[in-house]
Amino acid sequence: SNKNDVRTLMTLAYSYFHSGEYKKAIDTYEELSKRHDYDRNIHLFKACCNYALCQYKEAKDECRKAEEGEVDEALLNRLQLHLAHKMMDEENIMAYHS
């Protein structure tokens, strides 16, 4: 069923991420994001992969997409703080830190 497919792909992407296969994880999350009712946290998970690959601009873009839905606010904030730090964005470092 569709629900099992989603669960399988999410587990696969999670496994790829935690074994350092960030590109495979991104590809899997992209596959999941093609579904009309996908979990917006996928953008956050993709952003974590981009961050691990030092693709900070792409990670920031994914964070912006994540903000459009119901997502893990703590993870979003932490990621944005780390991105602001990596991108030497002093103004946002203070904003996300508070």
Side-chain angles (χ1 to χ4, degrees):
S1 79
N2 192 19
K3 202 145 190 79
N4 287 340
D5 291 350
V6 170
R7 187 174 300 135
T8 301
L9 287 172
M10 288 293 281
T11 303
L12 195 57
Y14 176 91
S15 300
Y16 285 143
F17 176 83
H18 286 281
S19 62
E21 296 188 67
Y22 306 116
K23 185 70 184 93
K24 282 185 179 178
I26 288 171
D27 293 343
T28 308
Y29 287 131
E30 282 175 358
E31 190 61 41
L32 283 157
S33 68
K34 290 176 185 169
R35 297 161 188 264
H36 74 91
D37 60 345
Y38 74 95
D39 181 349
R40 297 290 171 197
N41 281 300
I42 285 172
H43 292 298
L44 277 186
F45 304 152
K46 249 175 92 175
C48 289
C49 295
N50 291 130
Y51 183 89
L53 292 167
C54 301
Q55 298 171 339
Y56 304 129
K57 186 196 167 299
E58 292 84 347
K60 201 169 178 159
D61 291 343
E62 290 299 328
C63 284
R64 273 196 211 97
K65 292 176 190 172
E67 288 174 328
E68 296 167 15
E70 291 288 314
V71 295
D72 180 339
E73 292 294 330
L75 177 58
L76 176 61
N77 189 68
R78 196 160 61 245
L79 196 49
Q80 288 173 321
L81 173 64
H82 286 294
L83 283 168
H85 182 73
K86 288 286 185 189
M87 298 171 95
M88 304 296 182
D89 181 351
E90 293 296 327
E91 187 181 322
N92 278 324
I93 289 173
M94 298 320 286
Y96 296 126
H97 205 275
S98 56

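By the side-chain hydrogen bond (donor to acceptor under 3.5 Å, both in side chains) test, Y14 is found to be paired with no residue, residues two or more places apart in sequence or in another chain being considered. For R64, the side-chain hydrogen bond (donor to acceptor under 3.5 Å, both in side chains) partners are D61, not counting sequence neighbours. For E31, there are no side-chain hydrogen bond (donor to acceptor under 3.5 Å, both in side chains) partners two or more places apart in sequence or in a different chain. Checked against side-chain contact (heavy atoms from CB on, under 4.5 Å), A47 has the following partners two or more places apart in sequence or in another chain: A59, E62, C63, L79. Residues meeting the side-chain hydrogen bond (donor to acceptor under 3.5 Å, both in side chains) test with R40, sequence neighbours left out: Y38. Residues passing the side-chain contact (heavy atoms from CB on, under 4.5 Å) test with L53 are Y22, I26, Q55, sequence neighbours excluded. With sequence neighbours excluded, the residues that form a salt bridge (charged side-chain N to carboxylate O under 4.0 Å, His left out) with E30 are K46. Remark: Y56 engages Y51 in a ring pair (Phe, Tyr, Trp, His ring centres under 6.0 Å) (not counting sequence neighbours).
The hydrophobic clustering, which links ILVMFWY residues whose side-chain heavy atoms are closer than 4.5 Å, places F45 and V71 together.
Scanning both residues, D72 and N41, for their nearest heavy atoms gives N-OD1, 2.9 Å. The shortest non-hydrogen separation linking C49 to A25 is SG-CB, 3.6 Å.
Taken from CG in L12 to CZ in F17, the straight-line distance is 14.5 Å, to the nearest 0.5 Å. With rounding to the nearest 0.5 Å, the separation of CG in N50 from CG in L83 is 9.0 Å.
By the 6.0 Å contact criterion, CZ on R35 is enclosed, its count of non-hydrogen atoms from other residues, nucleotides or ligands being greater than 12.
Identified under the salt bridge (Lys or Arg N to Asp or Glu O under 4.0 Å) test for residues 14-27, with sequence neighbours left out: E21-K24, K23-D27.
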